[in-house]
Amino acid sequence: MVHQEEKVKIIEVGSRGIAFSFYEDFMGDTTFSYLIKGNHHLFLFDTFCGPDSMSFIKKYIQEQNLEQIPLIVVITHNHWDHFWGNCAFPESDIISHTLCRSGMEQSAQADLDRMQKWAQGEVTIMLPTLIFEEKISFPAEGIEIFHAPGHTPDQLSVYDNIDKVLIIGDNIEDPMPYINETDTIQYIKTLKNYKKFEWKQLIPGHGEIQTSSKLLNANLEYIQKFMNLKTHWDDFKENEKKMHFTNLCTVGKKLFEEHKPFQARSMLVEALKIGKDLEGDYIKQKNEEAAKLLEKLS
């Protein structure tokens with residue numbers, strides 16, 4: 001069942017899940033916060049861009065007479081559009097991977113200062129209060145939270161054993177993932193591991209809820225080809241070329257910083273092949289950055 005509010009779509013998932021799908025023009029896509037009504041706790045996964053956006057979730061909790069149930073916030077990774085709303089729940093424990101907390105300690109305030117115009121309400125950075133390395137489970141709730149590095153090294157995923165729902169943050173996206181690290185071997189392992197779970201619905205960080213493995217398989221195939229530059233991008237649509245171009249620029253720069261000149265050069269040359277036919281200020285900036293890095297490598 002789907003309920004439409006002014007700025008959020010509320011989707012009932014299984015017997016106890018609620019997906020809050022936020023759409024904002026500046027992101028050009030939907031972003032999910034996901035609520036599980038457990039036996040003894042409410043679990044909220046990701047808090048979007050600030051306390052104003054979380055007011056929809058707090059309103060839902062109030063209307064459902066769930067206010068007396070303790071709420072636990074879980075952050076899938078340390079990108080700002082997934083945790084700026086933490087401050088809407090000052091009394092709640094906040095769970096994340098150890099790397100997520102350390103990443104937030106290093107850059108969260110700087111990101112907020114830089115991206116303030118996208119904040120929804122007055123944002124105060126609230127760090128995780130409960131961190132883990134491999135996994136943390138709530139057996140009485142049928143919930144397992146586990147480390148699932150991919151889109152970022154600190155990424156976690158969640159399996160709801162009651163409704164057979166897998167919550168995966170930004171590890172898959174439509175039509176392809178954003179690759180931020182040079183080690184795609186671990187990313188591939190994570191996506192393959194998802195296939196071992198008996199899931200009925202897949203909740204990504206952005207886009208649409210998935211009920212089949214089609215997008216998961218497409219993301220896996222893309223990542224497997226990416227580092228070997230075997231991606232056939234000639235037939236990509238415009239938005240796909242821009243995403244692929246961004247990945248080449250991001251990974252090319254990281255390879256440069258890791259002192260891997262041959263691989264960096266290959267990535268950056270490929271990026272410029274695509275970038276020369278793309279338009280936009282962002283593309284122009286990335287093209288210039290790639291060209292400067294290639295000069296340093298020559």
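Bear in mind that the values here come from a model prediction, so they are computed numbers and not experimental data.
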* **Ser157-Tyr194 side chain donor-acceptor pair, cut-off 3.5 Å** => yes
Any chance the rings of His151 and Tyr178 have centres within less than 6.0 Å? no
Are the side chains of Tyr159 and Ile167 in contact, using a 4.5 Å heavy-atom criterion?
no
One should read off an interatomic distance between Lys164 NZ and Leu202 CG, to the nearest 0.5 angstrom, of 15.0 Å
Between Lys195 and Leu220, the two heavy atoms sitting closest are CE-CD2, 3.9 Å
Do the non-hydrogen side-chain atoms of Tyr34 and Val165 ever get within less than 4.5 Å of each other? yes
Does Phe56 have its ring centroid less than 6.0 Å away from the ring centroid of Phe48? no
Between Pro175 and Met243 the two heavy atoms that sit nearest each other are CD-SD, 3.5 Å
Given 3.5 Å as the limit, does a donor-acceptor pair link the side chain of Lys189 with the main chain of Ala148, or not?
no
Sorted by chain and residue number, the side-chain contact (heavy atoms from CB on, under 4.5 Å) partners of Leu127 (sequence neighbours excluded) come out as Arg101, Met104, Glu105, Ile125
Please say whether more than 12 non-hydrogen atoms of neighbouring residues, nucleotides or ligands are located less than 6.0 Å from CG in Leu229. yes
Next item on the list: Classify the side-chain pair Asp93/Thr129 by whether it contains a donor and acceptor separated by less than 3.5 Å.
Entry: yes
Next on the checklist: What verdict does the side chain to side chain donor-acceptor pair (under 3.5 Å) test give for His41 and Glu141, after you've listed the backbone C-alpha separation in whole Å, the side-chain angles of each residue and the deciding distance to 0.1 Å?
Outcome noted: CA-CA 8 Å; His41 297 86; Glu141 307 282 13; 3.0 Å; yes
**side chain to side chain donor-acceptor pair (under 3.5 Å) between Asp113 and Gln109, intermediate numbers included** = CA-CA 6 Å; Asp113 295 341; Gln109 189 59 53; 3.1 Å; yes
Checklist entry - Do the rings of His82 and His77 sit parallel, tilted or perpendicular, given the 30° and 60° boundaries? => result tilted
Residues pairing under side chain to side chain donor-acceptor pair (under 3.5 Å) where one sits in residues 66-76, two or more places apart or in two chains, turn out to be Asp46-Thr76
The side-chain hydrogen bond (donor to acceptor under 3.5 Å, both in side chains) partners of Ser92 (sequence neighbours excluded) come to none
Which of Glu258, Glu257, His259 passes side-chain contact (heavy atoms from CB on, under 4.5 Å) with Leu255? Answer is Glu258
Phe138 ring center within less than 6.0 Å of Phe43 ring center | yes
Between Asn247 and Ile179, is there a donor-acceptor pair closer than 3.5 Å when you use the side chain of the first and the backbone of the second?
yes
For Ile188 and Gln224 the tightest heavy-atom approach is CD1-CG, 3.7 Å
- request: With side chain to side chain donor-acceptor pair (under 3.5 Å) as the test, would you mind laying out the steps for Thr246 and Tyr282 before giving the verdict?
  value: CA-CA 10 Å; Thr246 297; Tyr282 170 80; 3.2 Å; yes
Separation between CG (Leu278) and CD1 (Ile283), nearest 0.5 Å, reads 5.0 Å
Q) Going by atom types only, do Lys254 and Asn180 share a side-chain donor-acceptor pair under 3.5 Å? A) no
Do Ile11 and Phe20 come within less than 4.5 Å of each other through their side chains, counting heavy atoms only? no
